[in-house]
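Here is the structure we will look at, set down as structure tokens.
Hydrogens, waters and symmetry mates play no part in the numbers below; they use all other heavy atoms, side chains included. Letters A, B, ... mirror the listed sequences (proteins, then strands); counts begin at 1.
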Number of protein chains: 2
Amino acid sequence: MANAPAAAQALALLQLLARHAEPMPGAAIARQLGLPRSSTYHLLGVLSDSGFVTHLRDERRWGLGVAAFELGTAYVRQAPLQRIARPVLARLVDATTHNAHLAVLHGRDVYYVIEERARGRPSLVTDVGVRLPASVTASGLAMLAVLPPVQVRALYPDRGSFVQRNNLGVTSLTALRSELAQVRKRGYAVETSSVTTGFASIAVAVLDHNDRPAAGIAVTYPVDDAPDAAALVDAVRSAAAELSTRLGRPRAPADPR
Amino acid sequence: MANAPAAAQALALLQLLARHAEPMPGAAIARQLGLPRSSTYHLLGVLSDSGFVTHLRDERRWGLGVAAFELGTAYVRQAPLQRIARPVLARLVDATTHNAHLAVLHGRDVYYVIEERARGRPSLVTDVGVRLPASVTASGLAMLAVLPPVQVRALYPDRGSFVQRNNLGVTSLTALRSELAQVRKRGYAVETSSVTTGFASIAVAVLDHNDRPAAGIAVTYPVDDAPDAAALVDAVRSAAAELSTRLGRPRAPADPR
DNA sequence: GCAGATTGTCTCAGATCCGAGACAGAATCG
DNA sequence: CGATTCTGTCTCGGATCTGAGACAATCTGC
């Protein structure tokens with residue numbers, strides 16, 4: 001399918017603004033998008049007419065507008081991912097008898113969108129609406145592992161970007177990269193006690209049709225249970241593959257060697 | 001400025017999806033946007049490639065994607081409106097000695113993005129992050145009053161759309177329209193005790209360069225204080241005009257006759 | 001206060017896109 | 001089970017856009 005280049009550029013502009021902590025000057029937007037200045041101001045005009053972008057005239061900068069906010073909250077309300085994921089997680093919970101959850105990557109955080117509790121299992125901190133640092137969660141590591149390295153680097157520019165939890169979790173980009181290499185090698189991510197002391201998680205990324213992480217799916221079990229990890233891995237992987245397929249990805253994630 | 005029609009259409013598509021409670025079939029999207037089917041699938045392709053839209057293949061529907069979510073939360077994080085509004089609200093609080101807040105319209109709710117407390121005044125329910133039904137708040141009424149009537153009707157399709165608070169607030173579209181007509185006539189909105197018993201608010205909409213409500217700005221005072229309402233109205237109106245100008249609107253809102 | 005830099009607007013023609021409609025596959029209906 | 005409808009993909013030429021660069025206004029630095 002051919003592109004609608006102006007549409008793609010407008011979306012890229014929005015994503016550029018979303019990645020920055022502050023509104024940006026028009027020329028910086030053009031530069032970072034690699035667009036002619038006239039085309040950029042053209043797009044900014046279209047985006048501001050529809051409310052996606054706000055021109056802060058006195059600061060001579062451009063930032064996201066209320067329509068961007070509305071889009072984000074409509075996503076949460078409409079919950080397209082959850083609609084198809086909920087039955088998948090319900091089956092995963094039934095099959096494994098452990099809690100399962102679904103999270104989306106959100107900057108350096110994960111944001112939990114489904115928490116499915118197994119019968120007789122305790123509620124966990126990974127409840128819907130909660131955010132946790134991606135680098136200390138299995139879901140987060142699974143998703144980070146399938147991002148291009150430059151994007152991981154952009155997320156973690158310095159040691160100050162890292163947050164630990166329960167005194168656990170990597171604290172440098174080198175350590176993170178090493179961790180992510182292991183995730184890729186295994187085909188799944190794990191964490192033990194860094195989210196909830198005494199609990200461990202196994203997670204796999206759910207990939208969209210462009211092989212980007214749409215979500216991470218995980219099960220959490222008490223360390224003392226010592227369950228059949230290989231069986232859990234298979235179950236989580238199957239669930240992730242099913243979700244990917246339903247999101248339009250042509251095939252399941254490659255099995256590890 | 002001429003249009004980039006594909007960009008504008010892509011944004012319109014996103015807003016259409018945001019307005020619907022559920023993902024939509026491709027042909028329905030085309031129909032409601034008044035676009036040729038091939039152009040619509042074209043745009044859906046661009047939008048799904050960038051993650052703004054998700055194709056739910058089994059349901060044969062299209063819904064918002066994770067990139068939409070990221071945009072919304074980037075808006076909240078970046079807070080372009082708050083950046084320029086905060087000093088304006090601080091001055092408003094100083095000048096009036098009452099609490100002031102800023103809210104954005106969000107479907108049938110208002111969402112509070114700034115709460116500026118005056119010295120010696122109590123904290124109110126209208127704290128940052130809180131949502132309240134627009135029809136029971138002064139800020140909400142002020143913003144609804146500047147929406148086109150068809151948009152107001154779309155927000156409130158039936159009596160079930162209305163929510164009261166403290167047994168106050170309109171409960172029908174006819175009553176709402178009447179209320180909004182009064183808001184327009186006065187040039188500001190008021191509510192008494194429908195948000196917090198014993199407190200009243202005066203609000204004015206902050207308009208963007210297309211005369212759409214970017215936010216509502218309000219002061220809240222105890223009813224028993226019986227402050228100089230005309231002075232409060234002037235102060236709120238000035239603050240709203242200042243914000244509108246900084247958002248690129250050419251002139252302040254017209255004074256009422 | 002002035003020169004230079006930056007921001008934002010505008011023009012218009014060569015380059016490129018958009019969309020009517022054909023087509024194929026899948027789902028629905030009787 | 002076959003007909004009909006719906007979904008999604010694809011082609012290609014007439015219609016329209018994109019972007020180089022000129023210009024004006026504003027800001028910054030000296």
When rounded to whole Å, the CZ to P distance for the pair B/R31 and D/dG8 reads 13 Å
B/R61 atom CZ is separated from D/dG8 atom C1', nearest whole Å, by 16 Å
Exercise. Is there a donor-acceptor pair under 3.5 Å between the side chain of A/D158 and the backbone N or O of A/S161?
Worked result: yes
* Ring geometry between A/F69 and B/Y111 (parallel below 30°, tilted from 30 to 60°, perpendicular above 60°) -> tilted
Rounded to whole Å, the OH-C1' distance (A/Y41 to C/dC10) equals 14 Å
DNA chain C nearest-nucleotide lookup for A/S39 and B/A6: closer to the 5′ end is A/S39
Here the distance between atom P of D/dC6 and atom CH2 of B/W62, to the nearest Å, is 18 Å
Ranking C/dT7, C/dC18, D/dT18 by distance to the side chain of A/A27, first place goes to C/dT7
Out of D/dA20, C/dG8, D/dT7, minimum distance to the side chain of B/P25 belongs to D/dT7
A/H42 atom NE2 is separated from C/dC12 atom C1', nearest whole Å, by 13 Å
Less than 4.0 Å between a side-chain N and a carboxylate O, is that true for B/R19 and A/E70?
no
Side-chain donor/acceptor of A/S39 to backbone N/O of A/L35, under 3.5 Å: no
Kindly indicate whether the side chain of A/Y75, heavy atoms from C-beta on, has any atom under 4.5 Å from the side chain of B/V66. yes
Rounded to whole Å, CG of A/D58 lies from P of C/dG8 at a distance of 11 Å
Requested in this report: Just say parallel, tilted or perpendicular for the rings of B/Y41 and B/W62, cut-offs at 30° and 60°.
Outcome: perpendicular
Whole-Å distance, B/L35 CG to C/dC17 C1', equals 14 Å
CD (A/Q82) and CG (A/L102) are apart, to the nearest 0.5 Å, by 6.5 Å
Rounded to whole Å, the CZ-P distance (A/R57 to C/dG8) equals 10 Å
Expected string for nucleotides 21-30 of chain D under the B/S/- scheme (protein heavy atoms, under 4.0 Å, primed atoms plus P, OP1, OP2 as sugar-phosphate) is B-----S---
